Number of protein chains: 2
Amino acid sequence: MPAAAKQKKGVRAAQKEARPKEIVEAALAIFARDGFAGSRLEDVADRVGISKGTIYLYFENKEELFKACVRETVGSHVKETMKMAATFDGPAPDLLREIVRRISARLTKPAYRTILLLLISEGQRFPELVTFYHSEIIGPGIEGLGGVIQRGVDRGEFRETGLSKFPMMLMSPVIASVIWNHLFGGNVEIDPAEALQAHLDTMLDGLRK
Amino acid sequence: MPAAAKQKKGVRAAQKEARPKEIVEAALAIFARDGFAGSRLEDVADRVGISKGTIYLYFENKEELFKACVRETVGSHVKETMKMAATFDGPAPDLLREIVRRISARLTKPAYRTILLLLISEGQRFPELVTFYHSEIIGPGIEGLGGVIQRGVDRGEFRETGLSKFPMMLMSPVIASVIWNHLFGGNVEIDPAEALQAHLDTMLDGLRK
DNA sequence: TTCTACTGACTTACTAGTCAGTCAGCAAGT
DNA sequence: ACTTGCTGACTGACTAGTAAGTCAGTAGAA
């Protein structure tokens with residue numbers, strides 16, 4: 001919607017339009033802190049500065065609010081990355097680095113990080129959400145990474161390794177470091193970018209002398 | 001305690017002694033299914049075949065029961081593995097493989113897997129538990145893995161890589177595949193052993209041709 | 001008979017979800 | 001420009017239901 005059209009709207013209409021996002025943002029913060037079952041919708045409402053009842057004007061119930069949080073945050077960035085991969089013309093290792101770097105940048109954003117951790121802990125209770133996430137993000141992501149590895153093999157840049165069968169394992173250090181920081185951040189913080197760099201270097205050229 | 005001494009005990013004394021473990025096992029199953037906040041102690045009691053009140057004869061409250069679950073499951077297997085590493089005499093890559101394989105075998109056991117996932121989701125609520133886990137498992141584990149990498153470098157078997165700084169990243173594919181199976185097991189199951197094998201092969205010799 | 005592990009109904013506390021009532025903003029009439 | 005009545009976004013006290021934690025009483029082993 002153009003800014004001009006938004007300007008025309010009255011105060012209340014504008015507020016009404018902004019509410020869902022405000023609520024989702026607050027809910028993400030509370031869910032991140034207390035988990036799904038442990039969160040109180042009153043806390044969410046307080047954070048927005050509205051009453052609990054108002055939440056129910058915009059979301060059917062607590063579960064739907066949670067689903068909205070996931071859908072809102074996840075978005076559909078994978079397609080863009082896939083497009084980039086398709087038009088990339090350099091060496092396969094460079095492409096691999098770039099793709100992994102992009103996914104990693106996304107995964108380590110606070111909101112996304114929250115969703116990742118919530119999905120891990122609450123996923124079993126929301127199978128449709130897991131399916132959604134799988135088809136929207138994981139599936140295309142694996143396809144993209146697998147394609148790059150295959151391309152490298154075809155062009156004689158990569159060896160044939162077991163990684164062709166588990167392309168998602170390329171992302172494992174990012175996931176592990178997100179979890180690491182979530183749990184042990186107080187003790188020893190890992191820089192996911194640096195960990196990923198180390199991982200990729202080793203991955204590409206091996207540990208052995 | 002020797003079996004003979006156990007034999008001497010009366011039925012009730014034996015039962016009393018066995019209770020805590022029974023309760024912890026049941027609690028692990030229920031916590032795994034419903035999460036900490038979502039679990040009902042009545043469900044735990046039902047699973048053991050006792051009443052809810054009995055749980056409170058053995059554990060102060062729900063939190064203490066959860067902590068007992070973690071402490072019971074985690075144990076202290078790390079020391080044994082460290083001992084093995086110290087006496088190992090073959091090539092560093094073989095030692096690395098063996099250590100990672102051992103940790104992986106532990107992490108993929110159902111009870112441990114449950115604890116891992118529960119720690120990820122509930123860890124922030126139980127900081128002392130995280131500290132306990134870090135000092136008991138993570139710290140020694142990192143030290144052990146780091147030592148093996150260093151030994152490989154010293155002996156001229158390994159290159160100097162960023163992995164020396166993040167030895168825990170060696171375990172990331174195991175952690176990632178545990179989470180993967182937890183979330184997407186219904187769709188595409190990953191065999192953690194196979195994923196780890198692929199990861200280690202790539203790790204050691206690199207992807208590049 | 002005594003002792004004690006165990007019971008389960010009860011109390012207490014909490015929260016998801018509801019709904020009758022409120023009042024700020026808007027627009028139409030003057 | 002000013003008043004005014006209406007609208008609907010919002011409120012918050014309330015209901016209904018749930019679950020943690022308690023304790024007087026019970027049953028069965030010793």
Side-chain angles (χ1 to χ4, degrees), chain A residues 5-69 118 122 125-126 129, chain B residues 5-69 118 121-122 125-126:
Chain A
K6 214 170 206 169
Q7 213 55 278
K8 249 187 226 167
K9 285 184 183 292
V11 180
R12 309 201 53 202
Q15 204 171 43
K16 184 181 179 181
E17 200 180 310
R19 276 277 177 267
K21 202 171 184 193
E22 286 177 342
I23 294 171
V24 161
E25 263 164 33
L28 265 174
I30 301 296
F31 287 157
R33 197 189 62 194
D34 301 332
F36 175 75
S39 291
R40 298 155 13 92
L41 289 189
E42 195 120 18
D43 285 347
V44 176
D46 283 356
R47 192 167 230 267
V48 183
I50 58 176
S51 76
K52 192 171 54 150
T54 303
I55 294 175
Y56 287 91
L57 295 178
Y58 294 94
F59 301 95
E60 209 179 319
N61 53 38
K62 200 181 177 185
E63 281 199 19
E64 288 305 321
L65 173 57
F66 177 61
K67 290 179 191 170
C69 288
L118 279 172
E122 315 286 351
R125 212 185 325 288
F126 302 98
L129 216 51
Chain B
K6 215 169 205 171
Q7 213 55 278
K8 247 187 227 166
K9 284 182 182 293
V11 180
R12 310 200 57 199
Q15 202 172 44
K16 186 181 178 181
E17 200 180 311
R19 276 280 179 264
K21 202 171 184 196
E22 285 179 343
I23 294 171
V24 161
E25 264 164 32
L28 265 173
I30 301 296
F31 286 157
R33 196 188 62 194
D34 301 333
F36 175 75
S39 291
R40 298 154 13 94
L41 290 190
E42 195 120 18
D43 287 346
V44 176
D46 284 354
R47 191 167 231 267
V48 183
I50 58 177
S51 76
K52 191 172 54 153
T54 303
I55 295 175
Y56 286 90
L57 296 177
Y58 294 94
F59 300 95
E60 208 179 322
N61 52 39
K62 198 182 177 185
E63 282 199 19
E64 287 306 320
L65 173 56
F66 176 61
K67 290 179 190 170
C69 289
L118 279 172
S121 40
E122 314 286 352
R125 213 185 325 287
F126 303 98

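Proteins come first, then strands; the chains are lettered A, B, ... in the order of their sequence lines, and each starts at number 1. For clarity, every value in this text was computed on a predicted model and none was experimentally measured. The figures that follow rest on heavy atoms only: side chains count, while hydrogens, waters and symmetry mates do not.
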Asks: May I have the list of side-chain donor-acceptor pairs in residues 22-34 of chain A shorter than 3.5 Å, sequence neighbours left out?
Replies:
unit_1: A/E22; atom_1: OE1; unit_2: A/R19; atom_2: NH1; d: 2.4

Asks: Checking contacts here: which listed nucleotide (C/dG17, D/dT22, C/dC6) is nearest the side-chain heavy atoms of B/Y56?
Replies: D/dT22
Asks: According to salt bridge (charged side-chain N to carboxylate O under 4.0 Å, His left out), does anything in residues 45-56 of chain B pair up with another residue at least two apart or in another chain? List the pairs.
Replies: none
Asks: Give a yes/no on whether any side-chain N or O of B/Y58 is located under 4.0 angstrom from OP1 or OP2 of C/dA5.
Replies: no
Asks: What is the distance, rounded to the nearest whole Å, between atom CG of B/L65 and atom P of D/dA19?
Replies: 16 Å
Asks: Can you see if the side chain of A/Q15 gets near the phosphate of C/dG25 - specifically, an N or O under 4.0 Å from OP1 or OP2?
Replies: no
Asks: Would you kindly give the NZ-to-P distance between A/K16 and D/dG8, to the nearest whole Å?
Replies: 9 Å
Asks: From CD of A/E64 over to P of C/dG17, roughly how many Å is that when rounded to an integer?
Replies: 10 Å
Asks: Between D/dA9 atom P and A/E17 atom CD, what is the distance in whole Å?
Replies: 13 Å
Asks: Could you list the residues that satisfy salt bridge (Lys or Arg N to Asp or Glu O under 4.0 Å) with B/K67, not counting sequence neighbours?
Replies: B/E64, B/E128
Asks: If I take atom CG in residue A/L57 and atom P in nucleotide D/dT11, what distance separates them, rounded to the nearest angstrom?
Replies: 9 Å
Asks: Where do A/P20 and A/F59 come nearest, in terms of heavy atoms and distance?
Replies: O-CZ, 4.0 Å
Asks: So, using ring-ring contact (aromatic ring centres under 6.0 Å, His included) as the criterion, who are the partners of B/F126 when residues are at least two apart?
Replies: B/F36, B/F66
Asks: What is the separation between atom NZ on A/K62 and atom C1' on C/dT15, rounded to the nearest whole Å?
Replies: 8 Å
Asks: Could you state the atom-to-atom distance from CZ of B/R19 to C1' of C/dT7 in whole Å?
Replies: 12 Å
Asks: Under the side chain to side chain contact (heavy atoms under 4.5 Å, CB included) rule, what do A/L41 and A/L65 come out as? Steps first, then yes or no, please.
Replies: CA-CA 10 Å; A/L41 289 189; A/L65 173 57; 3.9 Å; yes
Asks: Does anything in residues 48-55 of chain B come within less than 4.0 Å of DNA chain D? Heavy atoms only, and list the residues if so.
Replies: B/K52
Asks: Give me the atom names and distance for the closest heavy-atom approach of A/G35 to A/S39.
Replies: O-OG, 2.5 Å
Asks: Return the residues of residues 32-47 of chain B meeting this criterion: a heavy atom under 4.0 Å from some atom of DNA chain D. Order them by number, or give none.
Replies: B/S39, B/R40, B/L41
Asks: If I take atom CG in residue A/N61 and atom P in nucleotide C/dG17, what distance separates them, rounded to the nearest angstrom?
Replies: 5 Å
Asks: What heavy-atom pair brings B/A37 and A/A37 nearest, and what distance separates the two atoms?
Replies: CB-CB, 3.9 Å
